[in-house]
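Accompanying notes for the structure given below.
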Amino acid sequence: MIQNVFHGTPDHQGDLVWEMSAKELGLSPQAIWNSSPSVTNFTGYYGLPHLVTQGTTFVMQESASRFSPPPFAVAIRGENGERVLLTVAADAGHHLFATVEYLAEATGVKVKVELEGHSDPTLEKEHIWLEMTEAQPEESEMALLERGLAHAYPQASHPRKSYDWWKLPIYCAAGSCIASAFHLAGKPGGEAQHMLLESEWVIQHQLDLLDEAEVPWKTLVIDCGWAPGGVWTKPYPGRWPDLKDFIARQHAKGHKVLLWLGLWFTGGLPDKWCIKARPGATMQKWNPLSGKDVFSRLEEPERFWADAGNEEYLAFVAQQVRTLVSPEGFDADGFKLDMLQQTPCERFAQGREHWDEPLKLLKGEHEKATCSNGKWGCELLHDLQKTIYDAAKSVKPDALINSSTVHPYFADTFDMMRLHDTCRIEADTDVFALMSQRAALAKAALPMHEVDADNWIHSYYEKWMDYTLNSWKLGTPCLFYTDRFLMSFTEAPGTCPIPREDLQKLGKNWRDVFALK
């Protein structure tokens, strides 16, 4: 039962706020549940008082499952075990925010949608609202979440076209390339070191190893490093002298190829297609190769994000996508969309020219950035993904668009939800349980979409092997490694070899599960 819908009140900072008393909630708050696992992989209820922050980025302690964004919803539990779901929802075109906060105390809950000075809260309060859904006695939190989201965004439950090949095993080359880079260097290092190895010859070697072990992979993901940051139709010639021919050779063997696209990167784009951070803040630059930070005061505007509010830029994106998937172009079969966490946001501002360039962050007070069409936050991400999705589908209806925007508003912008990196795991972490929680969250938000079970797990070989053998239970299984496994980013030797018999074991497992020869 949807108990009520509430409209917010503008506060002195220009944000929208709801202050829900215990009486309005219908219970005396005792604990709060966040639908997204925390940075320590916690998935239970937090005692009060407690602040939960959700958003497009994943630097928040309680929302580090790397969904950008996750559903904006929490559950509140009362002293007698009764529960309600609080969901922030908005009309199409009005998801003009990147962050939502929930402060739960014994006296009630305060919810804040941060518009960051980019929208007028007196106008947006008619288009952004808070829904409260009362839990049924035996209903799980995920079932409650699914029911509440289905009411707020019914379009996410509409039937969708799917294709058989989307459900067959994926091989992503990133893990092996990183592990190989560390092994060749004789020591661990930054994740960006793998980009030089993300090349035709190295990946073909990995594919040969999979074939020799009879691993029945269907789709290859060529991960970051194959093309510059903002210009995708000019592959690095030293790494991909003839990408079209490489893709054609995979097609001849019955395989599909997805290309990694890092959203928001500004590399190669003209200034007029970029959103710039304004002066006044301290800019932190973190170098992914050295692992070192440099701090400086921002005196001049600095390019932070591609401007998805600029019609010329969106037209450029659409043209590139059509070229990449067109038989007359590169003939790729879809895309893995990544770096969603760098969606324009003032509070958690992150920007880059490209993945191996320094990550730029803003600290302290600063002037607000300016987008061409006045949009901000989730709405810009939706427009950018929708542009990619529509352009790809206009050429190939079965093109697969893989993303980690696990929010029902994005239902019309992609096909498959990637469960994303496991992040920090410990010796006692149950990886399958962790990823099962993410999969349940993904299906609660988007029940008609496919799930990419992902495989970016490191540090614990046996945990990785166990998850890889069982990940098909959560969705389309994925594999990140062939010959070496990544043990550590900081401690030598950093990698270990993968026995051939383990690849063969995995191959038999997948052949049996999918009835493949």
Side-chain angles (χ1 to χ4, degrees), residues 168-186 188-189 191-226 239-240 243 246-247 249-250 253-260 333 336 338 402 418-419 421-422 431 452-472 476-489 493-514 516-517:
L168 298 179
I170 296 171
Y171 174 64
C172 178
S176 272
C177 287
I178 296 171
S180 295
F182 290 1
H183 179 62
L184 290 172
E191 191 173 333
Q193 288 182 348
H194 85 286
M195 294 182 65
L196 291 175
L197 294 184
E198 194 84 19
S199 65
E200 175 181 340
W201 301 277
V202 172
I203 291 178
Q204 186 57 61
H205 171 65
Q206 295 168 4
L207 300 182
D208 290 343
L209 291 176
L210 294 178
D211 291 344
E212 290 168 8
E214 298 184 281
V215 177
W217 65 278
K218 177 65 177 181
T219 300
L220 165 68
V221 175
I222 299 177
D223 218 275
C224 58
W226 66 274
R239 303 174 206 172
W240 295 97
L243 179 59
F246 176 84
I247 293 174
R249 283 185 274 126
Q250 305 315 312
K253 297 178 181 179
H255 299 306
K256 302 287 187 176
V257 178
L258 305 186
L259 301 175
W260 181 92
D333 301 290
K336 170 184 173 181
D338 203 358
N402 179 310
R418 183 166 64 97
L419 298 187
D421 312 351
T422 54
V431 175
D452 169 3
D454 214 311
N455 196 240
W456 187 212
I457 301 165
H458 50 75
S459 304
Y460 298 95
Y461 182 85
E462 294 301 325
K463 290 181 183 294
W464 164 74
M465 188 67 185
D466 177 73
Y467 180 72
T468 308
L469 287 168
N470 289 283
S471 61
W472 58 268
T476 300
C478 187
L479 176 66
F480 265 52
Y481 301 100
T482 53
D483 49 351
R484 301 201 72 83
F485 177 75
L486 178 61
M487 297 294 293
S488 174
F489 285 99
T495 70
C496 69
I498 296 175
R500 178 184 173 87
E501 54 266 30
D502 280 356
L503 274 188
Q504 292 173 326
K505 180 180 180 181
L506 175 61
K508 183 179 186 308
N509 173 277
W510 283 358
R511 291 197 306 276
D512 291 346
V513 167
F514 294 96
L516 298 171
K517 294 182 179 181

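Numbering of residues begins at 1 and proceeds along the displayed sequence.
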Subject >> Residues that Tyr171 engages under ring pair (Phe, Tyr, Trp, His ring centres under 6.0 Å), provided they are two or more places apart >> reply: none
Original post:
Taking Lys218 for the side chain and Gly254 for the main chain, is one N or O donor matched with an acceptor at less than 3.5 Å?
Top reply: yes
Subject >> Check: Trp226 side chain, Trp260 main-chain N or O, donor-acceptor pair, under 3.5 Å >> reply: yes
Subject >> Rounded distance [0.5 Å steps], SG in Cys177 versus CD1 in Ile203 >> reply: 5.0 Å
**OP:** Flag the pair Lys336 / Asp223 as yes when at least one side-chain heavy-atom distance between them is below 4.5 Å, and no otherwise.
**Re:** yes
Subject >> ring pair (Phe, Tyr, Trp, His ring centres under 6.0 Å) partners of His255, counting only residues at least two apart >> reply: Trp217
Original post:
Is a donor on one side and an acceptor on the other found under 3.5 Å between the side chain of Thr476 and the backbone of Asp452?
Top reply: no
Which donor-acceptor pairs under 3.5 Å do the side chains of residues 500-508 make with protein atoms, sequence neighbours left out?
from	atom 1	to	atom 2	distance (Å)
Arg500	NH2	Glu212	O	3.1
Asp502	OD2	Tyr461	OH	2.5
Lys508	NZ	Asp512	OD2	2.8

Original post:
Do Phe480 and Ile178 touch side chain to side chain, with heavy atoms closer than 4.5 Å?
Top reply: no
**OP:** Find out whether Thr495 and Phe485 are in side-chain contact, i.e. whether some heavy atom of one side chain is under 4.5 Å from a heavy atom of the other.
**Re:** no
Subject >> Non-hydrogen atoms of Arg511 and Ala213 that approach each other most closely >> reply: NH1-O, 4.3 Å
Original post:
If every non-hydrogen atom of Cys172 is compared with every non-hydrogen atom of Cys478, which pair is closest and at what distance?
Top reply: CB-SG, 4.2 Å
Original post:
Is there a side-chain contact between Leu469 and Trp510, using heavy atoms and a 4.5 Å cut-off?
Top reply: no
Subject >> Residues Asn455, Thr468; criterion side-chain hydrogen bond (donor to acceptor under 3.5 Å, both in side chains); working and verdict >> reply: CA-CA 7 Å; Asn455 196 240; Thr468 308; 2.9 Å; yes
Subject >> Donor-acceptor contact below 3.5 Å, side chain Asp333 vs main chain Lys256 >> reply: no
**OP:** Could you walk me through whether Val257 and Ile222 pass side chain to side chain contact (heavy atoms under 4.5 Å, CB included), step by step?
**Re:** CA-CA 7 Å; Val257 178; Ile222 299 177; 3.9 Å; yes
**OP:** Evaluate the ring planes of His458 and Phe489, with Trp represented by its six-membered ring, and classify them as parallel (under 30°), tilted (30 to 60°) or perpendicular (over 60°).
**Re:** perpendicular
Original post:
Is it true that a side-chain atom of Tyr481 and a backbone atom of Trp464 form a donor plus acceptor pair closer than 3.5 Å?
Top reply: no
**OP:** Rounded to the nearest 0.5 Å, what's the gap from CG on Asp421 to CD1 on Ile457? Could you check?
**Re:** 10.0 Å
Original post:
Is the backbone N or O of Ala453 less than 3.5 Å from a side-chain atom of Trp472, with the two atoms forming a donor-acceptor pair by type?
Top reply: no
**OP:** Rounded to the nearest 0.5 Å, what's the gap from CG on Leu210 to CG on Leu479? Could you check?
**Re:** 6.0 Å
Original post:
Can you find a heavy atom in the side chain of Leu243 that is under 4.5 Å from one in the side chain of Glu200?
Top reply: no
**OP:** State, yes or no, whether a side-chain contact exists between Thr422 and Tyr460 at a heavy-atom distance under 4.5 Å.
**Re:** no
Original post:
To the nearest 0.5 Å, what is the distance between CD1 (Ile170) and CG (Asn402)?
Top reply: 6.0 Å
Original post:
Should Arg239 and Leu197 be marked as a side chain to side chain contact (heavy atoms under 4.5 Å, CB included) after you check the CA-CA gap, both sets of side-chain angles, and the distance that decides it?
Top reply: CA-CA 8 Å; Arg239 303 174 206 172; Leu197 294 184; over 6 Å; no
Subject >> Separation of Leu207 CG from Ser176 OG (nearest 0.5 Å) >> reply: 10.0 Å
**OP:** Could you tell me the separation between the CD atom of Gln206 and the OG atom of Ser180, rounded to the nearest 0.5 Å?
**Re:** 6.0 Å
Original post:
Can you tell if the side chain of Pro497 reaches within under 4.5 Å of the side chain of His183, non-hydrogen atoms only?
Top reply: no
**OP:** Taking all non-hydrogen atoms of both residues into account, name the closest pair between Pro188 and Gly494 and its distance.
**Re:** CB-CA, 4.3 Å
**OP:** Taking the side chain as every heavy atom from C-beta outward, state whether Arg484 and Phe182 have any atom pair closer than 4.5 Å.
**Re:** no
